[in-house]
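The structure appears right after this line, and notes come after that.
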Amino acid sequence: MPKSRIRKKADFTPPPAKQTTNIKLTNRSWVAPVMLALFLIGLAWIVVFYVTDGDLPIKSLGNWNIVVGFGFIAGGFGVSTQWK
């Protein structure tokens, strides 16, 4: 039986070097203080509402003060998405 031809493999050539791209990071030092401030304002709003039996922070809002407090907390979570 005849032998098959031996194929000569090409020499290994490494892939071309990848060019690095500079990533421009923006200064986001404001995110953590604003996020924490919104969390604390929302918590304080709700606590003050319960401690004062609904007289403070804004009496005319009634139980909607709870929604305002949770709105501040939700705003804190919204700002937290910008944190890198």
Side-chain angles (χ1 to χ4, degrees):
M1 177 167 280
K3 286 187 174 181
S4 62
R5 283 193 231 161
I6 298 174
R7 296 181 193 164
K8 183 178 179 187
K9 292 184 180 180
D11 292 334
F12 175 74
T13 55
K18 293 181 181 178
Q19 294 180 350
T20 59
T21 57
N22 292 335
I23 298 173
K24 191 174 190 180
L25 297 176
T26 58
N27 186 7
R28 303 222 177 185
S29 60
W30 59 271
V31 173
V34 171
M35 175 183 65
L36 291 175
L38 287 173
F39 285 153
L40 292 176
I41 290 170
L43 179 65
W45 193 287
I46 294 171
V47 168
V48 167
F49 174 73
Y50 277 116
V51 169
T52 61
D53 291 327
D55 291 336
L56 290 175
I58 301 175
K59 188 173 183 174
S60 63
L61 288 179
N63 287 336
W64 283 96
N65 279 304
I66 298 170
V67 175
V68 172
F70 277 112
F72 279 113
I73 293 171
F77 280 113
V79 170
S80 71
T81 63
Q82 300 298 315
W83 194 0
K84 288 189 178 184

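A continuous path of hydrophobic side-chain contacts links Ile41 to Tyr50 [ILVMFWY only; heavy atoms under 4.5 Å]. There is no path of hydrophobic side-chain contacts, each under 4.5 Å, that joins Val47 to Ile58. A single hydrophobic cluster is seen to contain both Ile66 and Phe77, as judged by linkage of ILVMFWY side chains at heavy-atom distances under 4.5 Å, directly or through other members.
Contact of the Phe70 side chain with the Trp45 side chain is not registered, since no non-hydrogen atoms from C-beta on lie closer than 4.5 Å. Ile46 has its side chain out of reach of Phe72: every pair of non-hydrogen atoms, C-beta onward, lies at least 4.5 Å apart. Looking only at side-chain heavy atoms (C-beta outward), Met35 and Trp83 come within less than 4.5 Å of each other. Two residues are said to be in side-chain contact when any heavy atoms from C-beta on lie closer than 4.5 Å; Asn65 and Pro57 meet this criterion. At a threshold of 4.5 Å between non-hydrogen side-chain atoms, the residues Ile73 and Leu38 do not count as touching.
Of the candidates Leu56, Val68, Asn63, Phe49 forms a side-chain contact (heavy atoms from CB on, under 4.5 Å) with just one, namely Asn63.
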